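Keep in mind it's a predicted model, so treat the numbers as computed, not measured. Side chains are part of it too, since the values below use all heavy atoms of this structure and drop only hydrogens, waters and symmetry mates. Count residues from 1 along the sequence.
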Amino acid sequence: MEPAPAGGSRPAEPGTCLSGRGGACQATSPLAYSPSLAGAGPACGVAAAVAAVLPAGGCGERMGVPTPKQFCPILERPLISYTLQALERVCWIKDIVVTVTRENMKAMESIIQRYQHKRISLVESGVTRHKSIFNGLKALAEDGPNSKLTKPEVVIIHDAVRPFVEEDILLKVVTAAKEHGCSDYDLEFGTECLQLALKYCHTNAKLVEGSPDLWKVTYKRDLYAAESIIKERISQQICIVKETKEDEEYVSLLEEMLKKELKHVNVTRRSLCHGERDLQQIILQKCYNFVCVNGQNFDFQEIHKLLSVLEEIHLSTLYPVVVVSVHFLDYNSVPFGVKMENLLRIREFAKEVKKRNILLCGLLIYYSQDEHKLQESLRQGATIIDAITKERNFGLIGQLLIA
């Protein structure tokens, strides 16, 4: 296949696609377009130099809100940040160019800094989506000595409001760009972009079937759907944290009940005695939910240590982290009033850590000598923990819940 002439393409409907140097196109299902990709190999997925352009200059009229949809918050984080995170995970995408309007340039810079995004460059968008994509491609094509971008062989054009794109579909598109052409049958089920690739780029194209998750946030209801998907993904792991051997009995009781009641969740345990090193293993498994078992201790020392570790490793930068401080109450040990007075301090504590995107609440489990009552209290506690980690309701911050 021959390379496209510089600036010869005109992108149409949004989606994920590839282009050769100087060309761009996109479709609702990923579309592959490429010049020669000879030499693509297994090194980090693709040997060819790959970059991405995210047009993010739209105003989101169909969303019906004053904020452009790419900047609408999901779990108090802008939608475009989730899309950037999805592309950053792909190690073979060397540069990511985001095109934004001049008035939103500062806001975009703030998002990149706050959420610690890497490999991102900003370019001013054009008056149309096509022009915005062209501006992104032009930035990638610059050869000047001051250019910070690597001139790519392949460019991925991806919607800023499709946050759930996975590496495997991008790799399929890259592979298809090398191996396939386009047939008339594809055009019947494709989009205008396929027609544009043939008309303006003088190259073949292949329509690649996308995954069900490759959908676009267009309307307000789509924000709620996206939030639901994100909540589900980050609620699949729960780590039970303890500090002392004295808490072992309580940890075992709660761990057993959580595994029994929450079969869809991977429940693990770690010790605060090992500090950051031990918790780092959990974080690598994408755990954003922690249950700190304090036994019958009501002074929050364990919680302070856990939160210190979480802050040191910046776990809550991308997603809100849920921390449930669990206390077992034995009415026969310490007067109930004294315990409650100490536990209610969690409110002010929770307000402080919320500033760091940590959702802290307390859970009181009745430690009865009656086995049946104890099991029922543990079961209710497991249900409460499940609801907190799934919903991530900011209204529950600082609340003391009783099982």
Side-chain angles (χ1 to χ4, degrees), residues 14-17 26 30 44-46 50-56 58 60 67-100 104 107-123 136 149 155-171 173-174 210-217 222-237 280 282-289 310 313-322 356-359 392:
T16 302
C17 83
Q26 68 280 337
C44 205
V46 176
V50 179
V53 171
L54 268 69
T67 303
K69 57 190 174 185
Q70 60 270 25
F71 298 117
C72 285
I74 298 179
L75 295 178
E76 300 194 355
R77 176 181 161 200
L79 172 60
I80 192 172
S81 176
Y82 291 96
T83 309
L84 291 176
Q85 182 188 5
L87 293 178
E88 284 176 318
R89 291 195 188 108
V90 183
C91 63
W92 40 267
I93 297 179
K94 187 170 182 61
D95 295 302
I96 302 171
V97 176
V98 182
T99 63
V100 294
N104 287 324
M108 194 65 230
E109 290 173 353
S110 176
I111 289 171
I112 293 171
Q113 181 178 8
R114 177 174 180 179
Y115 299 103
Q116 302 176 14
H117 291 299
K118 308 297 182 184
R119 315 198 308 270
I120 312 297
S121 299
L122 299 182
V123 174
L149 302 175
V155 178
I156 301 171
I157 310 298
H158 182 71
D159 268 315
V161 290
R162 294 183 192 264
F164 303 120
V165 64
E166 297 289 349
E167 180 176 2
D168 61 342
I169 190 67
L170 296 175
L171 187 56
V173 175
V174 171
S211 66
D213 287 338
L214 195 63
W215 51 274
K216 178 184 177 184
V217 175
D222 297 329
L223 288 173
Y224 301 122
E227 179 177 298
S228 178
I229 292 174
I230 293 169
K231 284 181 176 179
E232 180 183 6
R233 290 183 176 183
I234 62 177
S235 65
Q236 300 303 307
Q237 297 262 356
Q280 188 72 36
I282 292 295
I283 292 158
L284 291 174
Q285 300 172 13
K286 300 180 181 179
C287 182
Y288 298 93
N289 311 287
L310 295 180
I313 55 183
H314 307 290
L315 180 62
S316 59
T317 298
L318 296 178
Y319 300 103
V321 173
V322 169
R356 298 184 284 277
N357 208 24
I358 296 175
L359 283 60
R392 278 174 156 71

>> With side-chain contact (heavy atoms from CB on, under 4.5 Å) as the criterion, how do I74 and K231 come out once you've worked through the C-alpha distance, each side chain's angles and the decisive distance to 0.1 Å?
In response: CA-CA 10 Å; I74 298 179; K231 284 181 176 179; over 6 Å; no
Provide the closest heavy-atom pair for [X] versus [Y] in the form atom of the first, atom of the second, distance.
X    : Y    : answer
L359 : P320 : CD1-CB, 3.6 Å
R77  : S81  : NE-OG, 2.9 Å
D159 : K216 : OD2-CD, 4.2 Å
V90  : A86  : CG2-O, 3.8 Å
W215 : A225 : CH2-CB, 3.9 Å
V98  : A56  : CG1-CB, 3.9 Å

>> Quick one: does any side-chain atom of R119 pair with a main-chain N or O of I96 as donor and acceptor, under 3.5 Å?
In response: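 Side chain of R119 to backbone of I96, a donor-acceptor pair under 3.5 Å: no, none is there.
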Within this structure, what is the [atom1]-[atom2] distance for the pair [X] and [Y], rounded to the nearest 0.5 Å?
X   : Y    : atom1 : atom2 : result
L54 : I120 : CG    : CD1   : 8.0 Å
Q70 : T83  : CD    : OG1   : 9.5 Å
L79 : F71  : CG    : CZ    : 10.0 Å
T99 : M108 : OG1   : CE    : 10.5 Å
L84 : K118 : CG    : NZ    : 13.0 Å

> Would the number of heavy atoms belonging to other residues, nucleotides or ligands and lying under 6.0 Å from CZ of R233 be above 12?
Replying inline: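 More than 12 within 6.0 Å, yes.
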> Does the pair R392 and N289 meet the rule for a side-chain contact (heavy atoms from CB on, under 4.5 Å), with working shown?
Replying inline: CA-CA 10 Å; R392 278 174 156 71; N289 311 287; 2.7 Å; yes
Considering only heavy atoms from C-beta outward, does the side chain of [X] approach that of [Y] to under 4.5 Å?
X    : Y    : result
N357 : T317 : no
I234 : L75  : yes
L170 : I93  : yes
R89  : E167 : no
L310 : S316 : no
Y115 : P78  : yes

>> Using the rule given for side-chain contact (heavy atoms from CB on, under 4.5 Å), can you reason through V97 versus V155, listing the C-alpha separation, both sets of side-chain angles and the distance that settles it, and then say yes or no?
In response: CA-CA 10 Å; V97 176; V155 178; over 6 Å; no
>> Would you call the rings of Y288 and Y319 parallel, tilted or perpendicular, taking 30° and 60° as the class edges?
In response: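 Rings of Y288 and Y319: perpendicular, as their planes differ by over 60°.
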>> Set out, in order, the CA-CA distance, both residues' side-chain angles and the distance that settles side-chain contact (heavy atoms from CB on, under 4.5 Å) for I169 and D213, then state yes or no.
In response: CA-CA 10 Å; I169 190 67; D213 287 338; over 6 Å; no
